[in-house]
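Hydrogens, waters and symmetry mates are skipped; everything else that's a heavy atom, side chains included, is used.
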Amino acid sequence: MATDTLQQDDLGTLANLRVKDFLQHFQMIKQGAESKIYRGHFLGKPTIVKERFPKSYRHSALDKKLTHRRTAQEVRSILRCRKAGIATPVVYFVDYNASCIYLEDLVGAITVRDYVASVQKSKRDTEQLFPLAEKIGLILARMHDEDVVHGDLTTSNMMIHHPEKQFRLVLIDFGLSFISALPEDKGVDLYVLEKAFLSSHPNTESVFQVILTSYSNASKKSAPVIKKLDEVKQRGRKRSMVG
């Protein structure tokens, strides 16, 4: 048993070394608390690589188990969304030994955050954002009806592909996602988005209301989710008052 574990560790180390050599041809564009993001080409296609790196403060066996689980869950959520017709980056390849996910690079896309900021900066009426808000609500309703909870809904994790045409909204970064049918989890998902949306984009309360209206009209399970969202907001207000 100990020999088998040692051999597995050796194979994992060898795989990691080979991946690090391969990723030298990629450009690291971001590093967060959980992963590094690279941009380059894989099989001739523009590619984003998400590499989850080891946590030195965790026992190595536990760290590998948790990292594998998170990587598998992220891929599972993406594929579940794509099966339901929700636009996400294409998954080209998953290397579980090196904890790397190779994803489609959405060349030419911009974040919803940047798009909303550009509309506000140009002093255009926020009503011009209503069609985008309706699309966001529709897509989130479809995602939640599939029992996928994103876990990190912000306007930075929504991309507009081909913004100069009939734009295509793409959800990205499912690193904190999980599967749940609970209205509470979906309500918290929407609460996270509301907090992020209104803090990043001041004076857009009417835009976010369009998102919620679109969500409610599109989702078969919206009533208990919106009720939980209201409850979560109430709890948030009470905590703010208490300090």
Side-chain angles (χ1 to χ4, degrees), residues 29-39 42 45 47-53 55 63-106 109 111-113 135-161 168-197 211 214-215 218-222 224-226 228-229 232:
I29 57 174
K30 183 181 176 183
Q31 178 169 346
E34 297 289 327
S35 61
K36 296 177 182 178
I37 307 297
Y38 300 86
R39 171 173 280 137
F42 178 70
K45 298 176 181 178
T47 301
I48 293 292
V49 179
K50 180 174 184 177
E51 178 194 26
R52 281 187 168 86
F53 47 78
K55 307 294 185 301
D63 183 63
K64 286 178 183 176
K65 185 176 181 179
L66 291 175
T67 300
H68 184 280
R69 184 182 300 167
R70 288 301 324 157
T71 302
Q73 183 56 62
E74 181 168 2
V75 173
R76 190 177 299 121
S77 294
I78 292 172
L79 296 181
R80 192 161 180 158
C81 283
R82 289 186 65 80
K83 188 176 179 181
I86 300 163
T88 68
V90 177
V91 178
Y92 292 143
F93 178 65
V94 185
D95 185 339
Y96 285 109
N97 284 324
S99 304
C100 287
I101 305 174
Y102 293 70
L103 298 156
E104 173 191 10
D105 186 2
L106 302 169
T111 64
V112 167
R113 178 177 181 139
K135 185 162 282 193
I136 291 172
L138 177 65
I139 286 175
L140 296 185
R142 196 178 297 167
M143 180 183 75
H144 281 173
D145 280 356
E146 291 297 318
D147 293 335
V148 176
V149 176
H150 187 280
D152 191 20
L153 281 177
T154 68
T155 50
S156 294
N157 285 335
M158 301 176 188
M159 306 289 290
I160 299 175
H161 208 199
R168 170 173 166 253
L169 194 67
V170 185
L171 295 183
I172 65 169
D173 197 355
F174 286 79
L176 297 178
S177 67
F178 57 97
I179 306 300
S180 173
L182 295 177
E184 172 91 12
D185 291 331
K186 297 171 186 178
V188 170
D189 220 21
L190 293 179
Y191 180 66
V192 168
L193 177 60
E194 182 174 12
K195 294 278 284 184
F197 199 99
I211 292 176
S214 175
Y215 178 94
S219 173
K220 307 166 190 171
K221 312 171 185 177
S222 64
V225 175
I226 297 299
K228 285 297 180 182
L229 169 61
V232 172

Please name the pair of heavy atoms, one in Ile37 and one in Ser35, separated by the smallest distance, quoted to 0.1 Å.
CD1-OG, 4.1 Å
Minimum heavy-atom separation for Met143 and Asp189, please, with both atom names.
CE-OD2, 3.7 Å
Taking the basic N atoms (NZ, or NE/NH1/NH2) and the acidic carboxylate oxygens, is any pair closer than 4.0 Å for Arg70 and Glu34?
no
Working to the nearest 0.5 angstrom, can you tell me the gap between Thr111 OG1 and Ile160 CD1?
8.0 Å
More than 12 heavy atoms of other groups within 6.0 Å of Lys65 NZ
no
Step-by-step side chain to side chain contact (heavy atoms under 4.5 Å, CB included) determination, Glu194 to Ile211:
CA-CA 10 Å; Glu194 182 174 12; Ile211 292 176; over 6 Å; no
So Glu146 and Lys83, salt bridge (Lys or Arg N to Asp or Glu O under 4.0 Å) or not? Walk me through it.
CA-CA 10 Å; Glu146 291 297 318; Lys83 188 176 179 181; over 6 Å; no
Quick check: do Ile48 and Leu106 have side-chain heavy atoms less than 4.5 Å from each other?
no
Side chain to side chain, Val149 and Ile179, heavy atoms closer than 4.5 Å
no
Do Ile86 and Val148 touch side chain to side chain, with heavy atoms closer than 4.5 Å?
no
Rounded distance [0.5 Å steps], NE2 in His68 versus OG in Ser99:
8.0 Å
Donor-acceptor under 3.5 Å (Asn157 side chain, Asp152 main chain)
yes
When you measure from the side chain of Lys221 to the backbone of Asp145, do you find a donor-acceptor pair of N or O atoms at a distance under 3.5 Å?
yes
Just how far is it from atom OH of Tyr38 to atom OG1 of Thr47, taken to the nearest 0.5 Å?
14.5 Å
Short side-chain to backbone donor-acceptor contact, Lys186 and Glu184, under 3.5 Å
no
Test salt bridge (charged side-chain N to carboxylate O under 4.0 Å, His left out) applied to Lys30 - qualifying residues, sequence neighbours left out
none
Taking only residues two or more places apart in sequence, or in another chain, which ones meet Phe178 in a ring pair (Phe, Tyr, Trp, His ring centres under 6.0 Å)?
none
Nearest 0.5 Å, please: how far is CD in Gln73 from CG in Leu176?
11.0 Å
Where do Ser156 and Arg113 come nearest, in terms of heavy atoms and distance?
OG-CD, 3.3 Å
Residues Ile78 and Pro89: closest non-hydrogen pair is CG2-O, 3.8 Å
For Leu103, run the side chain to side chain contact (heavy atoms under 4.5 Å, CB included) check against Val91, Val49, Ile172 and tell me which one passes.
Val91
Approximate separation, where rounding is to 0.5 Å, of Asp147 CG and Asp185 CG:
10.0 Å
With ring-ring contact (aromatic ring centres under 6.0 Å, His included) as the criterion, how do Tyr102 and Phe93 come out once you've worked through the C-alpha distance, each side chain's angles and the decisive distance to 0.1 Å?
CA-CA 5 Å; Tyr102 293 70; Phe93 178 65; 5.6 Å; yes
Just jot down the ring pair (Phe, Tyr, Trp, His ring centres under 6.0 Å) partners of Phe197, sequence neighbours excluded, or say none.
His201, Phe208
Can you tell me if Arg39 uses its side chain to pair, donor with acceptor, with the backbone of Ile29 under 3.5 Å?
no
Any chance you could measure Arg76, atom CZ, to Thr71, atom OG1, to the nearest 0.5 Å?
11.0 Å
Taking Val112's backbone N and O only, do any of them form a donor-acceptor pair with Thr155's side chain (distance below 3.5 Å, no angle check)?
no
Measure the acute angle between the ring planes of Tyr215 and His144, then classify it against the limits of 30° and 60° as parallel, tilted or perpendicular.
perpendicular
Nearest heavy atoms of Arg168 and Ala87, plus distance in Å
NE-CB, 4.0 Å
Measure the shortest side-chain to side-chain distance between Arg82 and Val90 over non-hydrogen atoms and say whether it is less than 4.5 angstrom.
yes
Under the criterion side chain to side chain contact (heavy atoms under 4.5 Å, CB included), I'd like the reasoning laid out for Val170 against Met158: C-alpha separation, chi angles, the key distance, then a yes or no.
CA-CA 6 Å; Val170 185; Met158 301 176 188; over 6 Å; no
Does any non-hydrogen side-chain atom of Lys228 lie less than 4.5 Å from one of Leu190?
no
Shortest non-hydrogen contact from Ala218 to Leu138?
CB-CD1, 3.6 Å
